[in-house]
Amino acid sequence: MTIQKTDVATPLTSGVSPRVQALVAEMTLDEKLAQLVGYWVDQGDEVVAPMSGEKVTSTDYADATAHGLGHLTRVYGTRPVDPIERAEWLWGEQRRLKNETRLGIPALVHEECLTGFAAWKAATFPTPLAWGASFDPETVELVASAIGRSMREVGVHQGLAPVLDVVRDARWGRVDECIAEDPYVVATIGTAYVRGLQSAGVHATLKHFVGYSGSRAGRNHAPVHAGPREVQDVFLPPFEMAVRDGGVRSVMNSYAEIDGVPVAASSELLTDLLRRRWGFDGTVVSDYFAVDFLRSMHGVAATPGDAAQLAIEAGIDVELPGADAYPHLAARVASGDLPEAVVDRAVARVLAEKEDLGLLDADFSTPPQSVDLDDAEHRALAYRLALESAVLLRNDGVLPLAAAPGRIAVIGPNGDSAEALMGCYSFANHVLAHHPGTPMGFDIPTVREALAQRFPDVVQADGVAVEGTDASGIAAAVEIARSAEVAVVVVGDRAGLFGRGTVGEGNDADSLELPGLQRRLVEEIVATGTPVVMVLLTGRPYAIGWALDEASGPAAVVQAFFPGEEGGPALAALLAGEASPSGRLPVSLPRSAGAQPYSYLHPILGGATEVTSTDPTPVRPFGFGLSYTTFTRTGLEVDSASDSPVEVRAGDAFCARVRVTNTGEHRGADVVQVYAHRAVASVTRPVAQLVAYARVELEPGESADVRFTIPASRLAYSDRTLRRVVEPGDVELRVGPSCADVDETVTLRLTGPTYELTPEDARVVAVEVRRG
């Protein structure tokens, strides 16, 4: 990655409007610095961000806003507030900023929105890992648009999502915030989310730029020792697509250090790459407290002033959530250590964003009088995404359930839990956990409740808790299972933050066994002889080979990654056979914690070999998922040529075609997956790499021809000089139901000289589906 280093004083704001330029020229230094910070009005003792208890903003709010304000931090998402009452307060506060500060510039309001607008009474959608399991960018875009509409209605302008970190280690607590372990799936689905949110007038914020998920041993905030090739080929592509193809308006830095350099202090990443090479012209905001972390956690700054100068010179425009370090920039400018032009550069970007959002002209005269943050559209989309993302991992014939199955025993700690359906960044698990007794504010049927709506005889017992060693409830659960014709055992995670829960931010794991005594519970229920359907509600993949590959395991296993407010009804519909499971694994199912970190994108030496006694092969591969119907994929060809190899110039796009047929008796959706493998290249290559995919719905007996127009960039990688290139040589294309299962292959011969990618090269595969 050879990029010309930027002079920190070089202006990068030539594209801003004359109005913004005039505003910057008129501002005092105090007014400029006020635009570069946020204020967390409601921050209290609740820990909803890393080390927030130690970093409570102490500045009086009136003093902090005397010269204006850049951002208001999470005015809806910090405690349960009535949306209409809060909107009335917010509109009044914006009028105050317009009328009582010299320049009259309103604040930009940002909120979390990873699983929906993180506010009381707002809809909660499936977690991002479920987005990946759906392999459906179209649905994710619609979900994001609905989220954005809710946010904009109550005066929110920027959403802190999506997370574009590529999963590298299942032990990492923030896996449930991620989309997949494949960069292209992350890129396409994440970019769809960006388009959806921004179509509603809310700016998306990419997180966490970059490398955050590569932390050593899966520990949050741990160092990242990734080589430049891994950074370029794995971590950066999702961000590049969201910037260049999605037009994202904001980026948030990663807390991580990469090979000793904290990203928050890296002008090479935040300015030279992001802005000069990719052309990003939005704002870069700090992850919460990340600027002062340069001092307190990374040790590359001695004082808050040092940290502030490092960050703003690197390219961080706005310090969030409050003003811990950037106020110290005044002294740096006064002493001559920091050119004021660097501050101007950041201020111009912030004002340009406010201008783009219409804030500079808004009068805030009429706050909303009524708002429904969980309307019929929200619920329909939540149901659709939950339905599409559930993955059937095993089925010995017990599913779908009979029309009259008799008594159903719902057993397990997650069977009658609403919290178990939601991810770490849902408002309920993120905030309401600190407010016991406060109602959810929206309807979220549990799995038991949803099954009871469909079947007349449903009984329930927890058996065990998600965590802990109390086995006293197992005996009663066993007796209930014996009395039933089928047992639905619902186990998995409880999302939370920083030690409160089994998965989520700060809840990293050193074991990938199901938490607590849940495995014992499942095995004892199976031992009763009652057919068992094991349903996993989790935020990460667990080592469940015992449930999948052993004859003594459950009759069926369904994996749902925190499916949200409609997850219970969606799972009930799937179990009842109203729809066929169509989710596919966005992450490999690990054999054990000792096999981590693991990615299906491994070279030969990353898999099982005869020279080691350990086997990292997952128990279910990336892309795997069963259905109630069957599919065939035939006739794979490139550019209408059945002969192999087909010759294509290294820099050219090409077309791959395959026919998919529903050969079973149920309507269903197949995820057609095309993988590439190079046996010989200048650097080691993965044994399989996804280059294209398409979700195709088919009736029984129906066929469709799927045509992929694949740009050269899908076969590119970083060569020995770290240029992103497409090298001549043979590439085997494979089509199949997962990265490890092959239906057909064809050889593509890339000819001509090595081709180096340019910014104009396409990054997205075009997909056309012709039925009949």
Euclidean distance, [Y] [atom2] relative to [X] [atom1], rounded to 0.5 Å:
| X | Y | atom1 | atom2 | value |
| --- | --- | --- | --- | --- |
| Leu310 | Ile316 | CG | CD1 | 10.0 Å |
| Glu240 | Thr191 | CD | OG1 | 10.5 Å |
| Leu497 | Cys424 | CG | SG | 4.0 Å |
| Asp549 | Arg620 | CG | CZ | 4.5 Å |
| Glu177 | Ile179 | CD | CD1 | 11.5 Å |
| Asp306 | Leu294 | CG | CG | 10.0 Å |

Hey, is the main chain of [Y] close enough, under 3.5 Å, to the side chain of [X] for a donor-acceptor pair?
| X | Y | result |
| --- | --- | --- |
| Asp182 | Val185 | yes |
| Asp169 | Gly214 | no |
| Asp292 | Asp324 | no |
| Ser592 | Gly594 | yes |
| Glu111 | Gly77 | yes |
| Thr205 | Ser250 | no |
| Tyr675 | Cys739 | yes |
| Gln596 | Ala217 | no |
| Gln518 | Gly492 | yes |
| Ser213 | Arg168 | no |

Would you say [X] and [Y] make side-chain contact, with heavy atoms under 4.5 Å?
| X | Y | result |
| --- | --- | --- |
| Val503 | Val175 | no |
| Pro183 | Pro238 | yes |
| Trp131 | Phe561 | no |
| Cys113 | Tyr193 | yes |
| Arg277 | Asp272 | no |
| Leu393 | Leu585 | yes |
| Val37 | Val318 | no |

Would you call [X]-[Y] a salt bridge at under 4.0 Å N-O?
| X | Y | value |
| --- | --- | --- |
| Arg763 | Asp245 | yes |
| Arg519 | Glu513 | yes |
| Arg275 | Asp317 | yes |
| Arg219 | Asp510 | no |

Could you verify whether a donor N or O on one side chain and an acceptor N or O on the other, from [X] and [Y], lie under 3.5 Å apart?
| X | Y | value |
| --- | --- | --- |
| Thr127 | Asp176 | yes |
| Ser286 | Glu319 | no |
| Ser267 | Glu313 | no |
| His225 | Asp259 | no |
| Ser738 | Gln673 | no |

Contact summary for [X] and [Y], nearest pair of heavy atoms:
| X | Y | answer |
| --- | --- | --- |
| Val284 | Gly315 | CB-O, 3.3 Å |
| Ala346 | Ile312 | CB-CD1, 4.2 Å |
| Leu164 | Gly190 | CD2-CA, 3.7 Å |
| Pro586 | Gly132 | CB-C, 3.7 Å |
| Val765 | Val691 | CG2-O, 3.3 Å |
| Val587 | Phe622 | N-CD1, 4.1 Å |

Would you list the atom pairs, donor with acceptor, under 3.5 Å between side chains in residues 681-688 and any protein atom, with sequence neighbours excluded?
{"from": "Ser682", "atom 1": "OG", "to": "Glu727", "atom 2": "OE1", "distance (Å)": "3.3"}
{"from": "Ser682", "atom 1": "OG", "to": "Glu727", "atom 2": "OE2", "distance (Å)": "2.5"}
{"from": "Arg685", "atom 1": "NH2", "to": "Gln689", "atom 2": "OE1", "distance (Å)": "3.2"}

So Ser718 and Asp233, side chain to side chain donor-acceptor pair (under 3.5 Å) or not? Walk me through it. CA-CA 7 Å; Ser718 298; Asp233 292 354; 2.8 Å; yes

Cationic tip of Arg714 above Tyr184 ring, under 6.0 Å, 45° of axis: yes

On the ring face of Tyr425, is Lys207 found with NZ or CZ under 6.0 Å from the centre and within 45° of the axis? yes

For Tyr288 and Trp40, I'd like to know if the aromatic rings sit close, meaning centre-to-centre distance below 6.0 Å. yes

Would Thr538 and Gln559 count as a side chain to side chain donor-acceptor pair (under 3.5 Å) here? Give the steps. CA-CA 8 Å; Thr538 73; Gln559 170 71 66; 2.9 Å; yes

Check step by step if side chain to side chain donor-acceptor pair (under 3.5 Å) holds for Ser713 and Asp761. CA-CA 7 Å; Ser713 61; Asp761 283 298; over 6 Å; no

Specify whether Tyr212 and Trp172 have parallel, tilted or perpendicular ring planes, treating 30° as the upper limit for parallel and 60° as the lower limit for perpendicular. perpendicular

Angle between ring planes, Tyr255 versus Phe293, binned at 30° and 60°: parallel, tilted or perpendicular?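 Tilted: the ring planes of Tyr255 and Phe293 meet at 30° to 60°.
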
Identified side-chain hydrogen bond (donor to acceptor under 3.5 Å, both in side chains) partner of His203 from the options Glu353, His110, Gln158, Arg249: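 Exactly one option meets the side-chain hydrogen bond (donor to acceptor under 3.5 Å, both in side chains) with His203, and it is Glu353.
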
Test applied, side-chain hydrogen bond (donor to acceptor under 3.5 Å, both in side chains); reference residue, Glu505; option that passes from His430, His221, Arg174: Arg174

Is it true that, when you exclude Arg229 itself, more than 12 heavy atoms of the residues, nucleotides or ligands shown sit nearer than 6.0 Å to its CZ? yes

